[in-house]
**Student:** 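Sharing a structure with you now.
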Amino acid sequence: MLHLSILLWLPLAVGLLGLLAPKRAARWVALVGGLLAVALSVAFVLDFDSGSGLLQHVTSDAWIEAFGVRYDLALTGLNVWLILLTTVGFAFATGWLATTDDGRGDRARQLFLHFGIAQTAVIGALLSQDVILFIAFFDLMLIPFFFLTVMFGNGDRVPAVIKMVVYTLVGSLLMLVAAVAIGVLSTPDGQPISFSIQTIAERGVPEGSQGWLFACFAAAFLVKMPSFPFHGWLADGYKAMPLPVLAVFSGVLSKVAAYGFLLIALPLLPEGVADLRWVVLIMAVISILYGSLIALTTTNARLVLAYSSVAQLGFITLGVFSLRTDGATGALLQSVNHGVAVFGAFLAVAILSQRAGGSEDLRDMGGIATKAPIFAVFFVIVTYAVLALPGTANFLGEILILRGLWEGPSVALAVVASLGIALAAVYALRLFILSSHNRVGPQAEPREASKAQLALLAVPVVLIIALAIHPQQTIRAADAAATQAVYPAAAVVDPVAAEQMAQEAARYRNCTGWSCFRSAPPAASDGAEVPGGTGGVPPEDIAIDPSTGQPVAPQGAAPDQGAAGEGEEIVIDENGEVVGDDEEMVIEEDAQTIEGTNR
Amino acid sequence: MIALAAAKAPEIDWAGLSPLLALLGGSVVVLMVGLMRSRAARHGIVPALTLAFFAAAIGLAIWQWDERGTLMSEALALDPLYLFGIVGVAVAGVMAVFLSFGAAAPREASHGEYHALLLVAAGGMVVFAGAQNLITAFLGLELLSIPLYILAASELHRRRSLESGMKYLIVGSVGSATLLYGFAMIFGATGTTDYAGIAAAISRDGLANDPLLMGGVAFAIVGLAFKASVAPFHQWTPDVYEGAPTPVTAFMATATKVATLIAMIRLFDVALPGASHVWGPLLAILAAIAMIVGNVGALGQESMKRMLAFSSVAQAGYMLVGVVVGTQLGAEATVFYVLAYVVMTAAAFAVIDASERETGHDGGQGLVGLGQRRPLHAAAISVALLGLAGLPGTVGFVAKLRLVQSGVDGGYTWLMIILVIGSMISFVYYLGVLARVWSTSEQTDLVAGAAGGPVGAAGPVATDLGAAAVPADRQTSVRTPWTTTVVALVAGVAVVVLGIIPGPLMNAVEAVRDSLPGIF
């Protein structure tokens, strides 16, 4: 009954429906639609089977048959939580917009229509399992923000937003050429061309071209995040957008770029990744330091958050390119965390600026918390999330990323990156203290936030607390898929280490809670209990056929799609060397361990 | 006693010729009807008849869809390229007639003559697209060009229109003459004017590197580049597009491209595949120049028609990619792109025509606040321009994708990089227009000042805008006829629908491969 197509097209349908509604009702239509989408995505998350690394809820239809582009959607460990983040974020922003003048004004219907188009495009990019379909949605998701900024933004917005679109498009269009080239190059003679990610992974892309192909993909994703040195569009673009729109833009869209790396660039272009990995790692580290330094010196509250996003996305990039399971799962967890924190942070800035005479300059604010205790509590929780206070899920994410860096590329990189964590504490607390504590600023009029605003702000706060208490489900969901994503490139860089990593990752599927962080494999009895977590079958119930490593009786997983899904296949010979170019992993010996545990 | 010898008449495939006859015969009928004195006849029956003949041409082409063969002793080919040419040209013709309702040009140049010239030009385009013979191709070229020269000048009381007609005549004649020199040299080298015969002669006599043939090919490329407005032979395009009456510009921009690109596909892929190592790189360089010059040139334009003129230069560059690679896939990609281009340009010109009628000029200022005044028009032009830029969800994206695929497949990846760079530049000026359309009138100063960088001189229309001056010397009529809105809406919807469901059209275009058996 649960079809991904429903989730994908629902926001667009709601947006179009809203065009027919009377102006006053447009925001309610949009709000109901947003909440419906959230409910649907929660249903998908609950239905997700963390134990299997297969694609789930697969939808596969032809789209442009003549060209080999298919309408392939699937839910995987990589995107399931990002989908939830997207729907929650858009619903949150819709609720926020419903309280503003724009959401009630003459052009409210167009506002919510563009929001609907944007949400459909983002969900499409996250669900897509076909390279060209992904790029289509990736390019599409930018344009509604153009219209939203032109119609509802601030200041000198047209040049700013055109600059943003063009910057992003340079990368995206290069990525399009690279994607077509990947499809063409990977097709053996006489066979029909296909852009399905799985098919291309099986066919393999010629090694010699992988370098420039990866560079094109990296260009697109690094500009989107943005990463130093492609952040030229950031300051003006962030200042031009209306805050609710910006919350979604910063919280959700940048994560699609990180996800794109894991979905396409790493699995399909392992040699390219191995060659250019250090370039990206250095750029990410510089982004962290540069972003943090600017965030802690600028006086514009929006720009503090903008540059802090640069820094946080730098962390996420480091996690992805550590080519370790820990790093990649940490990156995905951080994506979710940062998104949630950003929603709260931008709303807080909006509330603060309302109380500072409309100014977003920190020097005009100050002491606002003196008459707004509830708001201050919420804001401080959001601040703690931004700075990754131990206890929050952000801390966990950063630990995982640092661990991935430590075990992967270089210990020095982990040390330098952790400087970024220290700096995050500085700028996050600075933002909070300068705006909410100390003397009441010259323009500031402290008063409590309105009930609607508090209710809205409570949403990210509750999510932050929920994630802090129980982050496991996000990690477990992502684990198998993240390992599969990074394994091919990791195998190119260091086959033996990649091997070990794959084995450990398989073992961790049986562990629970903090036992997952022990180095030694947990005892057989530990594997027996599985807490609620996300619904779905406990992994140890899946019997593994020792000869192929394939699950014998896959439970709850969607049918295998096309040739050999992302399941377990033979890859390794005795020396730990990779046989063939596949990213499918998990090995006989490991299967026997699990089997031994099961029997 | 007089013995009458039986005349040996050539075999005439009337059915295959019927679309062409509909157009040419229709022009005679329309001309005659236009002589009638009653106003109703001239203002109503003439356009209706013209529409009927264009529709008949499309219908007859569809009727002949599965036929293969030749017409007129192998002068014209009856194959998918010819049939697509008919459909593309006739659709553009229908659009032009709709946009001409109530316009100044048919009134001033007399309805009968105006519409008859449209039909003759369309007929010439069909001949040009179907020609399998150098002489027939030239015939088609002249038959399509001369009416267009006259049509461009048809707003007799406007200086710019007369000027544009004159410019088009002079430059177009140079182009035609160059093409003829080229054809003459090709004939001299191969000894035949028939495309198949030329291909056979090249392979049989090993003429692949013959200097006379190379010279002929080069001249032919230059002549065709003039017609298709490929840089650096595009200098006439901005002035002529801006000066001519908007319905005529719309027709010129779309139908001429259909005919010329198909004619180029035939010439290069049927007659000259053996020499592809010469004309391939040459066309590729021309395409690259066109993409860059066209997109960069459009950046500073205040007049919408000039902007679309430069953008059409760039679009011609994109379309050339399919010809450059010399493969069946390339031919398919070009035909699909040119058909998509017709639809997108139709929507854009319809909205610009409406705005021009209401404000008296075609400057970008006239579009400010269109989102509030005329939301349907605003939506149509948004979709059209985003399609021309290549945004996913529109047919422009699918068409560009096909071109990129054919380019990468044909080994011209560097050209594809330039294509995407050009697309990226094009977003700047298209988005600039859209920013104006969707901002409110109060924000005009904001938008004008802000967009002053990318979109050229801003400010009230009345001030002197220098070289990009758009004189408000047209008569304004406040009411835009419903026909213009219909064109905008139908074309706009088609852009989106074809973008989401491109399958049927793509599968239909695949038939083009039947026309080009000699290449891969």
Side-chain angles (χ1 to χ4, degrees), chain A residues 19 62-69 106-107 110 117 120-121 124 132-133 135-143 146-151 155-163 165-185 187 193 195 209 212 216 240, chain B residues 329 332-333 336 371-372 375 382 386 389-394 397-398 400-409 413 416-417 419-425 427-429 431-432 434-440 443 446-455 499-503 505-507 509-510:
Chain A
L19 281 181
W63 181 32
I64 312 178
E65 285 211 61
F67 191 39
V69 179
D106 288 334
R107 299 201 284 182
Q110 293 169 29
I117 299 176
T120 291
I132 301 290
L133 189 66
I135 295 179
F137 281 121
F138 190 84
D139 285 345
L140 183 58
M141 73 186 184
L142 193 56
I143 294 298
F146 166 80
F147 285 109
L148 286 169
T149 312
V150 164
M151 291 201 276
D156 203 14
R157 52 195 182 267
V158 174
V161 71
I162 291 183
K163 181 165 67 168
V165 170
V166 171
Y167 247 103
T168 314
L169 277 173
V170 175
S172 300
L173 293 173
L174 282 177
M175 176 168 70
L176 183 64
V177 177
V180 175
I182 284 184
V184 170
L185 289 173
T187 306
I193 189 171
F195 287 97
S209 327
W212 72 267
C216 289
Chain B
L329 184 59
E332 267 185 63
F336 187 83
Q372 287 182 311
S382 304
L386 289 174
L391 189 74
T394 61
F397 172 72
V398 180
K400 250 188 204 147
L401 200 55
R402 205 71 161 123
L403 279 177
V404 172
Q405 182 200 9
S406 74
V408 171
D409 206 45
T413 312
M416 297 304 98
I417 306 272
L419 190 154
V420 299
I421 292 177
S423 290
M424 183 258 299
I425 300 176
F427 265 98
V428 177
Y429 55 84
L431 288 182
L434 292 184
R436 285 185 174 169
V437 166
W438 291 101
S439 55
T440 58
Q443 298 168 326
L446 199 63
V447 174
V455 215
I500 299 180
I501 314 175
L505 185 60
M506 271 209 157
N507 292 337
V509 170
E510 273 194 1

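Chain letters run A, B, ... following the sequence lines, proteins first and then strands; every chain starts at 1. As the structure is a computational prediction, the values presented were derived from the model and not from experiment.
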**Student:** Sort A:Val165 into side chain, backbone, both or neither according to what part of it lies under 4.5 angstrom from a heavy atom of chain B.
**Tutor:**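 The side chain, not the backbone.
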**Student:** For A:Val166, is it the side chain, the backbone, both or neither that has a heavy atom under 4.5 Å from a heavy atom of chain B?
**Tutor:**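 Contact with chain B involves both backbone and side-chain atoms of A:Val166.
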**Student:** Between A:Phe138 and chain B, with a heavy-atom cut-off of 4.5 Å, which part of the residue counts as in contact: side chain, backbone, both or neither?
**Tutor:**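 Neither part.
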**Student:** On a heavy-atom basis, which atom in A:Phe146 and which in B:Leu431 lie closest, and how many Å separate them?
**Tutor:**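 Distance-wise, the nearest heavy atoms are CZ-O, 3.3 Å.
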**Student:** B:Thr413 versus A:Trp212: any side-chain heavy-atom pair under 4.5 Å?
**Tutor:**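 In short, these two side chains touch, coming nearer than 4.5 Å.
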**Student:** Against chain A, label B:Leu391 side chain, backbone, both or neither, depending on which of its atoms sit under 4.5 Å from a heavy atom there.
**Tutor:**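 The answer is the side chain of B:Leu391.
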**Student:** Check side-chain hydrogen bond (donor to acceptor under 3.5 Å, both in side chains) between B:Ser423 and all other residues, then give those that pass, not counting sequence neighbours.
**Tutor:**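 For B:Ser423 the side-chain hydrogen bond (donor to acceptor under 3.5 Å, both in side chains) partners, ignoring immediate neighbours, are B:Lys400.
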**Student:** Given a strict heavy-atom distance threshold of 4.5 Å, which part of A:Leu140 is in contact with chain B: side chain, backbone, both, or neither?
**Tutor:**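 When you check distances to chain B, atoms from both the backbone and side chain of A:Leu140 fall under 4.5 Å.
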**Student:** Can you give me the closest heavy-atom contact between B:Ala435 and A:Val158, atom names plus distance?
**Tutor:**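 Heavy-atom minimum between the residues: CB-CG1, 3.7 Å.
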**Student:** B:Phe397 vs A:Trp63 aromatic rings, parallel, tilted or perpendicular, using cut-offs 30° and 60°?
**Tutor:**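 Parallel: the ring planes of B:Phe397 and A:Trp63 meet at under 30°.
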**Student:** Would you compute the distance between atom CZ of B:Phe427 and atom CG of A:Leu173 and round it to the nearest 0.5 angstrom?
**Tutor:**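 The CZ atom of B:Phe427 sits 6.5 Å away from the CG atom of A:Leu173.
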**Student:** Taking atom CG of A:Asp139 and atom CG of B:Leu386, what is their separation to the nearest 0.5 Å?
**Tutor:**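 Output value for this atom pair is 12.0 Å.
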**Student:** Minimum heavy-atom separation for B:Trp438 and A:Arg107, please, with both atom names.
**Tutor:**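 Minimum heavy-atom contact is O-NH1, 3.0 Å.
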**Student:** What part of B:Met416 gets closer than 4.5 Å to chain A, counting heavy atoms only: side chain, backbone, both or neither?
**Tutor:**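 For B:Met416, backbone and side chain are both near chain A.
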**Student:** Can you tell me which portion of B:Leu401 sits under 4.5 Å from chain A's heavy atoms? Options are side chain, backbone, both or neither.
**Tutor:**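 When you check distances to chain A, atoms from both the backbone and side chain of B:Leu401 fall under 4.5 Å.
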**Student:** Report which part of A:Ile193 has an atom under 4.5 Å of a heavy atom belonging to chain B: side chain, backbone, both, or neither.
**Tutor:**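 It is the side chain, since no backbone atom gets that close.
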**Student:** Once rounded to the nearest 0.5 Å, what's the spacing between atom CD1 of A:Ile64 and atom CD1 of B:Ile501?
**Tutor:**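 Nearest 0.5 Å value for the CD1-CD1 distance: 11.5 Å.
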**Student:** So what's closer than 4.5 Å to chain A heavy atoms on B:Gln405: side chain, backbone, both or neither?
**Tutor:**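 Looking at B:Gln405, backbone and side chain both touch chain A.
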**Student:** Going by side-chain contact (heavy atoms from CB on, under 4.5 Å), A:Val177 matches just one of B:Val420, B:Ile421, B:Leu419. Which one?
**Tutor:**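 Between A:Val177 and the candidates, side-chain contact (heavy atoms from CB on, under 4.5 Å) is satisfied uniquely by B:Val420.
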